[in-house]
Amino acid sequence: MLTPATRGRRGSTAPWTSAAVVVAALVVVPVALLTASVLSPSTEVWAQQWRTRLPGQLVDTAVLLAGSVLGAVVLGAGLAWLVSAYDFPGRRWLSWMLVLPLAMPGYILGFLTVATFGRTGSVQDQWRAWFGRDAWFPDFESTMGAIVTFSLVLYPYVFLLARAALRDQAAGAYQAARVLGAGPAEAARRVVLPMVRPAIAAGGAIVAMETLTDFATVQYFGVDTVSVGVFRIWRGTYDRDAAGELATLVLAFALLAIGFERVARGRARFAQSGGAGAGFDRRRLRGMRAAAATAACGLVVSVAFAAPVAQLAWWAIDEQTGPRGTPLTDEYTSYLRHSAQLVAICVVVCVAVAVLVANAQRFGSPRLTRWSSRAIAVGYAVPGPVVGIGVLLFTVGLDSLLERIGLDLPGVLATGSMVVLVYAYVVRFLGPGFGSVESGMTQVPDEVTASARVLGAGPLRTMWRVHLPLARSSLLTAAVLVAVDALKELPIVLLLRPFGFDTLPVWVYNLASESRYRQAALPALSIVAVAVVPVVLLSRRLDRRPT
Amino acid sequence: MTTLRVHEVCKRFGRTVAVDRVSFDLGEREVLVLVGPSGCGKSTVLRMIAGLHTVDSGEIELGGVTVSSTTASVPPERRGVGLVFQEHALFPHLSVAANVGFGVRRGDKHAQVDAMLQLVGLAGLGGRYPHELSGGERQRVALARALAPEPRLLLLDEPFASLDPNLRTRLRDDVVSILRATGTPAVFVTHDQGEALAVGDRIAVMRSGSIEQIGTPEDVYHQPVDHFVASFMGEAAFVPVKVVVDNIEGVPPVVGAEHDDLLMLRPDDVTFEVDDAGAARVTAAEFRGSTWCYRLTLPSSHEVLSMRTHLDRVEVGASVNPRLRVGHRPVVVKPPTGD
């Protein structure tokens, strides 16, 4: 029976349960507070917004969302089908490399796209040199450019989920359909697609969330989404109530995306994907078709990852060693230090909190801790601006409350302090860290916990001597996941950073916004280099073929 | 003095009642077996004794001190009981010696670990890791680990269910003799009635959260209180009293039986003589090594089982006269209801 191993009214449950509940509350309250602010709308703000930018922002957001999700789904699902059902030269390698764009943040690929294909970019220069000054060229500094960028960096979410679903579930059903007399196309349409649809829908929902979170990349392209609106209002006027109200619109879009996912998923649920599936008996492609398949995968990998990395590397080297370059400054080390500090604090806090809550599931009241662990995922499932503004509203409220009862802590909770920034990061990134620690804890059977308790070890000693050593590798995974997410994060730090506190992503964004692309290359490359690590680790784990 | 007293204990999970007013005592040096089909609540009782579940009502006392009640629960680490699981639940990151020494807080840990490994017959294997051991060895380590802190009571939750039958019997005998040698009282949970009969000083038969009968192995086997206990604790035929009286010789008078009451006939209760004029027929024969078990069909088409030594071979189809062996008080039970 999967009831938590230990309960007792006297003794040790209460502290564990309350710790888990407090953590969950700290994660949920900012989002809840933001949602609640809709209940008392300030008509003035809305009227003003509605007269000015809001209608355009709504349209841009909707178009951007629809385009990015569509692009990512077509790319991700199509490529997943290609590498799962067919065999062609280089398939194994390409299948692995197609995941790499996960390591390419949108705000980096975005400025590279603008720098290369934009109005002053090298491609358009060349184009005009060939075809004359007024030759038509697609305008990449538009919603279309943003959609292309988001599709290229976000399709791997769909690709990974669809590929796993194809391998673990659909392969057997596909073979059964073939044996029952369906041709390949019919089997794909009637059996495979319906089975993979939930995975595609889940991937699409992630793409939608990531698109909504962003308000940096879209600005390169001159796209004005609701998220950009939140950022503008907050950074421009520091009117947190107005920013908060606009952020609820972002939340509404997010809920809409989740709603679509539920509908698309239908009544299907993910089956156990233990990697026990037999896999497809891949059809071998020959001649032109094989070349086309290899070229298609290769093109996506190069456009979304290889070429951008090469360009960054070239610029970075040229800037450091070339005659016209500005070599590495002290700024770089200072921003690197800021990033490292922020990441280190976030990793320590997230992993510690995750360990606390995961252990509370063993030692605390089962019902409350189960609720708490579910609530923790909220932060990751909500777009960054929502988390950022929510944390802001909460800490400001807390601050004035403390002031009123005479507990004045000057500066600690003030807007733009490190505490607020770290708090927002933890709310946002606790989800993946906790997921990893929790899955590590499932490796520790209930009976092992019970044995330790019965042998006289209290909860703390059991955690220290039994749970942590056994869940060690999952703690490491959690730390890596949180570290990379925190290092890449741009929207929250743009919203909440203390004055003068610039991280690597902020630096990249500032330089890119001023079209100083070559100088942005080195910090951008540093971020990609670090972000590749977990992508390689994770994809290797997901890739382990059943034999 | 009683080591353990379980009094009117109840436990529910959500809407299901897992344990319903269970009571029993455990004497010094006594081994009590809780036996019943899976899901009858026996493991839950064990976990409540260990402090891994609270009780919803009722009380549990260990050595005269209340450890579980509606208002309070001593945490498991302060109860001083040992617990052995079916899946061993060894700590995979610790060596055998470190596993066994985990709960030892007083005295010379090394000496105690060595003594325990000696006791379970694993002397010299202290440096190994759990994954380097066989299933039987792991179970011995689990036993040594549970006994090392010298618990006042040992709880065993289906400890041999994951082992193959031969190993199981051998290990069971070892465990029983270790319990006797150390004088440790124990509560032993199993769903295997044969194991229950072999291990227990007393047996408590559980069904749907309650104890149906508690008594010595002979009691629960030969004098079951109802149809469930009778059929769960061993093979038996249940035949209406009137049919038995009419067709089987040597039945003592059955007093107070009602019309539809059944008589329990274990295979060793029934014998027969081959007689061409006999009304019953042998319809099947099953070889069981030292015995043959025959199925006899009465003229009423009711069936009974009869056990004979392998020396007495009777062909299927033979006509026979069944007879009740003297010595047992006949057991009359009500027909089963519902389940």
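Just so it is clear, the structure is predicted and the values come from calculations on it, not from any experiment. Chain A is the first sequence line, chain B the second, and so forth, proteins listed ahead of strands; every chain is numbered from 1.
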Novice: Quick one: which residue pairs count as a salt bridge (Lys or Arg N to Asp or Glu O under 4.0 Å) with a foot in residues 133-145 of chain B, not counting sequence neighbours?
Specialist: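 For residues 133-145 of chain B: B/Arg140-B/Asp174.
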Novice: What part of B/Leu155 lies closer than 4.5 angstrom to a heavy atom of chain A: side chain, backbone, both or neither?
Specialist: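 When you check distances to chain A, no heavy atom of B/Leu155 falls under 4.5 Å.
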Novice: In terms of heavy-atom proximity below 4.5 Å to chain B, should A/Arg367 be classed as side chain, backbone, both, or neither?
Specialist: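 When you check distances to chain B, no heavy atom of A/Arg367 falls under 4.5 Å.
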Novice: At a heavy-atom distance under 4.5 Å, which candidate from A/Pro445, A/Ala457, A/Pro469 has the highest pair count against chain B?
Specialist: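 Between A/Pro445, A/Ala457, A/Pro469, the count favours A/Ala457.
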Novice: Working to the nearest 0.5 Å, report the span between CG of B/Asp157 and CZ of B/Phe85.
Specialist: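 Answer rounded to 0.5 Å: 6.5 Å.
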Novice: Between B/Lys42 and B/Glu158, is there a side-chain N and carboxylate O pair less than 4.0 Å apart?
Specialist: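 Between B/Glu158 and B/Lys42 there is a salt bridge, with a charged N closer than 4.0 Å to a carboxylate O.
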Novice: Salt bridge between B/Lys11 and B/Asp20, side-chain N to carboxylate O under 4.0 Å?
Specialist: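 A salt bridge is absent here (no side-chain N lies under 4.0 Å from a carboxylate O).
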